Amino acid sequence: MHMLNANDFDLALSFSSGQPLGFYADYRVGKGKEFLSYVTSKGIFRLQCYGSGARKKIDYEFEGGYSEMEARKEVRKRLGLDDDLKSVYKAISTDAFMKEAVSALRGLRITQNEPWETTLCFVVSQVNNMKRIRFTIKNIIERFGAYDAGIGARLFPTPHDVAKASLADLRRCGTGFRASYIKSAATAFAEGFDADAVHGMNYRSAKTEFMRLDGVGDKVADCILLFAYKKLDAFPIDVWIKRTLEHVYFSGHRKGIMALHEFAERRWDGYAGYAQQYIFQHARANKIAKKEVQLKRMFS
DNA sequence: ACCCAGGCGGGCG
DNA sequence: CGCCCGCATGGG
């Protein structure tokens, strides 16, 4: 068992706020500890989180193709432990709404996941809900991941594993109309799409590169850049973000996606991705702007 | 019976 | 560019 210090890290929030980790990891609470386990394409990690504030600790163990140093780096990176939250909070606490969100969600971090895992998760996420996204991703792991007898579990399926699946088999995982997008993205990753090269690109170029994949548009591309490449200027705009920005900053007036991108870039320069995650989670937790939408619909 | 869910691609003007 | 539609599927 190895140990890490994890100041200002809230595992439950980071896990449950719609990030890839929350789509394929297992999480539970007990005995004053939180437990998290997740598979990668190379192995498995099991974590225990305990303590609070500046004395927060994480014990972890791993199996699979990782050296001690690689495993430690994997956990720190995966959980976002090296992010300087003080700087983040300073940059995104631009108004009363953001201060309230930060105050309510202190310790929520942006996780960093593998590009292929993240792509699969967010292609599956489109016009879908959290519960079914988790259901579908777990089905895909169970059905297509290679069984590792040493570990006693299925690893996260590689692009090749998924590319060779039939559309019908993908459908059986609950993917619905996204099956062809998934197969197409898996094929691209398996046949030379250079996911590693994207690390060295700026946000704009990286986004253009990912949007060439069938089934990856503006929103999914931003999710991949944020949650796999940690490009903090990425700002995924889903229905919640759109409604909430319109509600909080534009008196409820409707705005186009591009206008909202420009707004976020100006307002949270360099940290828009973090702002987005706090807006998303805070809006959902409090159903902000949702009742208003329903009322409008009733009287229109 | 309807609406909604971390959208996207294609067609139209 | 903008808007509108269909795309599976389960849950309120």
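Numbered from 1 within each chain, the chains take letters A, B, ... in sequence-line order. Fair warning: this is a prediction, and the values are worked out from it, not measured in the lab.
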- Query: Mind checking whether A:Y27 and A:Y38 have ring centres under 6.0 Å apart?
  - Reply: no
- Please confirm whether A:Y203 and A:Y229 have ring centers closer than 6.0 angstrom. no
Applying a 4.0 Å non-hydrogen cut-off, can you work out what [X] is touching in the nucleic acid: base, sugar-phosphate, or nothing?
| X | answer |
| --- | --- |
| A:S17 | base |
| A:Q277 | base |
| A:G18 | base |
| A:V127 | base |
| A:F280 | base |
| A:V123 | nothing |

Mind telling me whether [Y] and [X] have parallel, tilted or perpendicular rings, with 30° and 60° as the class edges?
| X | Y | answer |
| --- | --- | --- |
| A:F235 | A:W268 | parallel |
| A:Y181 | A:F177 | perpendicular |
| A:F97 | A:Y249 | perpendicular |
| A:Y66 | A:F62 | perpendicular |

- Sort out for me which residue in A:Q19, A:K230, A:R78 forms a side chain to side chain donor-acceptor pair (under 3.5 Å) with A:N113. A:R78
- Between C:dG6 and B:dC3, how far is it from one P atom to the other, in whole Å? 13 Å
- Determine the interatomic distance between P on B:dG6 and the same-named atom on C:dG12; round to the nearest Å. 13 Å
- Message: Let's test your reading of the pairing rules: Watson-Crick or G-U wobble, both distances under 3.5 Å, then write DNA chain B as a dot-bracket string with ( ), [ ], | and dots.
- Response: .||||.|||||||
- Query: Hey, where on DNA chain C does chain A first and last touch, going 5' to 3'? Cut-off is any atom under 4.0 Å from a heavy atom.
  - Reply: C:dC7 to C:dG10
- Item | Worked check of ring pair (Phe, Tyr, Trp, His ring centres under 6.0 Å) between A:F144 and A:F156 | CA-CA 8 Å; A:F144 305 120; A:F156 201 97; over 10 Å; no
Just how far, in rounded Å, is [atom2] of [N] from [atom1] of [X]?
| X | N | atom1 | atom2 | value |
| --- | --- | --- | --- | --- |
| A:I241 | B:dG7 | CD1 | C1' | 15 Å |
| A:N128 | B:dC8 | CG | P | 13 Å |
| A:D238 | B:dA5 | CG | P | 9 Å |
| A:R243 | B:dC4 | CZ | P | 8 Å |
| A:K219 | B:dA5 | NZ | C1' | 11 Å |
| A:I257 | B:dG6 | CD1 | C1' | 12 Å |
| A:I237 | B:dC8 | CD1 | C1' | 15 Å |
| A:D218 | B:dG9 | CG | P | 10 Å |

For [X], is the [atom1] atom crowded, meaning more than 12 foreign heavy atoms sit under 6.0 Å from it?
| X | atom1 | result |
| --- | --- | --- |
| A:D194 | CG | yes |
| A:H199 | NE2 | yes |
| A:M69 | CE | no |

- Query: Step by step, would you call A:Y89 with A:Y274 a ring pair (Phe, Tyr, Trp, His ring centres under 6.0 Å)?
  - Reply: CA-CA 9 Å; A:Y89 290 160; A:Y274 251 103; 7.5 Å; no
- Heavy-atom contacts under 4.0 Å between residues 162-179 of chain A and DNA chain C, which residues? A:R171, A:G176, A:F177, A:R178
- pi-stack flag for A:F122 and B:dG6, centroid dist under 5.5 Å, interplanar under 30°: no
- Within 45° of the ring axis of A:Y50 and under 6.0 Å from its six-membered ring centre, is that where the NZ or CZ of A:K33 lies? yes
- Note on the structure: The answer to which of A:G217 and A:R132 contacts DNA chain B further toward the 5' end, by nearest nucleotide, is A:R132
